[in-house]
Amino acid sequence: MPLYEYRCEPCDHPFEALVRNGSDVVRCPKCDGVEVAKQFSVPAAPPSGTLGYAPVSAPGLSMGGGCARPGCGPGGCAMN
Ligand SMILES: [Zn+2]
């Protein structure tokens, strides 16, 4: 059951609410209003502006030899 952060529009009261499904009506616990806005501050989300992965360089593959490990050159692979 996801926990969402909301903010009441009329009284500007921030609160958290458990939502069982999308059709649930979320009410402000302070003024019992239904004009609430869902907040999108998810703590588990990765910081914006950072990539989820780094490009992997594999010089051994592009040069047609070696095992693509760092330090492994064409024709001089220790794994072979
Ligand atoms: Zn309210």
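As the structure lists them, so they are numbered: ligands from 1, and atoms in each ligand from 1.
- In terms of heavy-atom proximity, C31 sits nearest to C28 at N-SG, 3.5 Å.
- With a 4.5 Å cut-off on side-chain heavy atoms, Y4 and L18 do not count as touching.
- Shown are the protein N/O/S atoms under 2.8 Å from the Zn ion (ligand 1), given by residue and atom: C8 SG, C11 SG, C28 SG, C31 SG.
- Applying the salt bridge (Lys or Arg N to Asp or Glu O under 4.0 Å) rule to pairs touching residues 29-39 yields R27-D32, sequence neighbours excluded.
- Side-chain contact check for P14 versus Y6: every heavy-atom pair is 4.5 Å or farther apart.
- V26 places a side-chain heavy atom less than 4.5 Å from the side chain of V19.
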Begin with the C-alpha distance, continue with both residues' side-chain angles, and end with the deciding distance and a verdict on salt bridge (Lys or Arg N to Asp or Glu O under 4.0 Å) for E9 and R7. CA-CA 6 Å; E9 299 279 3; R7 185 179 62 83; 3.7 Å; yes
